[in-house]
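A short write-up of the structure that comes next.
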Amino acid sequence: MAGLRGALIVLEGADRAGKSTQARRLVEALKERGYRTEGLRFPERTTEIGQLIGSYLEKKSNLEDHTIHLLFSANRWEQVPMIKEKLRSGITLVVDRYAFSGVAFTSSKENFDLHWCKQPDVGLPKPDLVLFLKVSPEVAATRGGFGNEIYETNSFQEKVAKRYAQLMDDKTVNWKLVDASQDIENVHQQLKELSEKAIDDAKDQPIGK
Ligand code: DGP
Ligand code: NA
Ligand code: NA
């Protein structure tokens, strides 16, 4: 099996869609099925750049909107050598948020052009599968209140949801829409099936950009 690469699988969606829970369960399930799999998340708050992002999200520091956008992107770029190495060594990566979050969140702010928002992430490794967890605002509300982070308001999240819908029109990306209002187990089963297919389809393909 030497030479076969792992797949880059991304989970996206608005806050409270259940991404982090599903990402953890997906990693465990794929491992049980015999795939070498690891989980990653963005923002990765432990790096130096990640600490600046964490402080911004927790409203402890105020960063200018373009500046924070570029830091989120830099936080992805700094992991690219590791991501490529793992994929090439046959490890599948399940990633909780990626460049689509960057575009959906920043372009929901006033006076941001979608094209400008996309540029810093151009050239990142291309996901083999992007699982979009869609949850209605009503169901999201039953999952408990928001935390205190900067983007956690209903009005902002509604804008983000609209941006994601726009991004999903891009047919060059392998989007799969999953109804995350279903119970956790059903969602999990769907994510697992879609991921296994993506791993199989990606294994003898070059890593895209
Ligand atoms: P999380 O750790 O998944 O809860 O993400 C923290 C918050 O940061 C969440 O509201 C989504 C937002 N976010 C994630 N990535 C980006 C990004 O690249 N740019 C911007 N502006 N926001 C992002
Ligand atoms: Na959050
Ligand atoms: Na999360």
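Remember, it's 1-based here, ligands and their atoms both numbered in the order they're listed. Heavy atoms only: backbone and side chains are in, while hydrogens, waters and symmetry mates are out.
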Counting from 1 in the order shown, the ligand 1 atoms closer than 4.0 Å to a non-hydrogen atom of R76 are 17 (C), 18 (O)
Centroid separation under 6.0 Å, is that true for the rings of Y151 and F105?
yes
What about H66 and F112, are their ring centers closer than 6.0 Å?
yes
List ligand 1 atoms under 4.0 Å from P43, heavy atoms only on the residue side.
5 (O), 14 (C)
Using the salt bridge (Lys or Arg N to Asp or Glu O under 4.0 Å) criterion, which residues pair with E78? Sequence neighbours excluded.
none
For T67, which residues count as a side chain to side chain donor-acceptor pair (under 3.5 Å) partner, sequence neighbours excluded?
E64
Considering only heavy atoms of G102, which atoms of ligand 1 have at least one such atom less than 4.0 Å away?
17 (C), 18 (O), 19 (N)
Got an N/O contact under 3.5 Å between Q157 and ligand 1?
no
E149 N/O under 3.5 Å from ligand 1 N/O:
no
Numbered in order shown, the ligand 1 atoms found under 4.0 Å of a heavy atom of D15 are 9 (C), 10 (O)
Between Y56 and L71, is any pair of side-chain heavy atoms under 4.5 Å apart?
no
N or O pair under 3.5 Å between T106 and ligand 1
yes
Nearest non-hydrogen atom to atom 3 (O) of ligand 1 belongs to which of R97, E152, K109?
R97
Give the atoms of ligand 1, by number and element, whose distance to some non-hydrogen atom of L57 is under 4.0 Å.
6 (C), 7 (C), 8 (O)
More than 12 foreign heavy atoms under 6.0 Å from CD of E48: is that the case here?
no
Under 3.5 Å, is there a donor on one side chain and an acceptor on the other for E12 and Y164?
yes
